[in-house]
Amino acid sequence: MHTPISIVAHTARLVTTTVDRITGDRVEVPLLVAAACQKALSLFCIESRIMYGQAAWIEILENNEPLWAGCWGENYSFWVATQYGEVIDLNASIAHRKRSHTEPGLKSICSPPILWSQEAPKFYRYKPEGVAELDLQDTKDQAYFRQVDDTLCASIPSIDRDAPIDASHFPHESIICPDRRVLDDSRQSFAHFDRVLSVKGIPPVPQFLA
């Protein structure tokens with residue numbers, strides 16, 4: 001079993017667009033994104049947990065070279081695990097917008113799709129260290145979460161999860177859905193990503209993530 005595709009579409013679109021609208025850029029608030037995803041799923045009566053740990057993914061540089069990017073060592077990432085054993089990372093597709101802490105001079109032009117799947121393709125790596133608790137100390141973060149929560153609570157109850165869906169119901173970003181179904185965006189971001197990896201291959205995985 002997996003999350004129904006209509007719930008995948010509505011949750012991914014609502015969470016990404018809402019957090020982007022409220023914060024300006026969700027790449028800076030991964031914990032808020034994960035918490036919003038968990039909240040949305042709870043409104044659809046699906047259990048999930050926010051996970052934290054080391055994570056890595058392939059990004060494509062301006063010169064079309066692939067490299068591993070992500071959070072490891074003293075840094076960690078957040079993602080969501082569902083009752084169906086799915087990994088959800090709603091920030092994967094826009095991760096290239098954040099410069100590397102260790103290599104700030106490198107500029108990436110694309111990263112992998114949003115991930116919502118029981119099986120992560122080989123260009124992602126996730127090593128969970130535990131379940132994260134939402135503990136927002138900053139008043140700005142608290143205000144962000146209240147606004148996101150209010151939007152989700154107002155929007156989701158009116159959604160007909162049994163109604164037919166099409167590409168317009170998903171975020172305008174590439175996404176890997178359950179059963180490894182891939183939906184690309186209008187810029188063909190995943191097609192470019194996949195083409196580079198087909199030519200260049202995947203770089204060696206960092207040892208601590210292998």
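Contact annotation: the side chain of Leu115 approaches that of Pro121 to within less than 4.5 Å [non-hydrogen atoms, C-beta and beyond].
We find that Asp185 and Arg187 are joined by a salt bridge, their nearest charged nitrogen and carboxylate oxygen being less than 4.0 Å apart. Under 4.0 Å is where a charged nitrogen must lie from a carboxylate oxygen, and between Glu173 and Arg97 no such pair does.
Taking CG from Asp89 and OH from Tyr124, the interatomic distance works out to 7.5 Å, rounded to the nearest 0.5 Å. Rounded to the nearest 0.5 Å, atoms CD (Gln147) and OG1 (Thr23) are 10.0 Å apart. Here the CG atom belonging to Leu43 is positioned 11.0 Å from the CD1 atom belonging to Ile7, to the nearest 0.5 angstrom. Taken to the nearest 0.5 Å, the CG atom of Asn91 stands 10.5 Å off from the SG atom of Cys37. How far CD1 of Ile156 is from OG1 of Thr11: 5.5 Å, rounded to the nearest 0.5 Å.
Residues passing the ring pair (Phe, Tyr, Trp, His ring centres under 6.0 Å) test with Trp79, sequence neighbours excluded: Tyr126. Take Tyr76 and apply the ring pair (Phe, Tyr, Trp, His ring centres under 6.0 Å) test, not counting sequence neighbours, and it matches Tyr52, Phe78.
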Practice problem: Could you go through the side-chain contact (heavy atoms from CB on, under 4.5 Å) check for Val8 and Ile175 one step at a time? | Solution: CA-CA 10 Å; Val8 173; Ile175 180 171; 4.3 Å; yes
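Panel note: side chain Asn63, backbone Glu65; a donor-acceptor pair is recorded below 3.5 Å.
A donor atom on one side chain and an acceptor atom on the other are not found under 3.5 Å apart for His96 and Ser108. Between the side chains of Glu86 and Ser117, not a single donor N or O lies within less than 3.5 Å of an accepting N or O.
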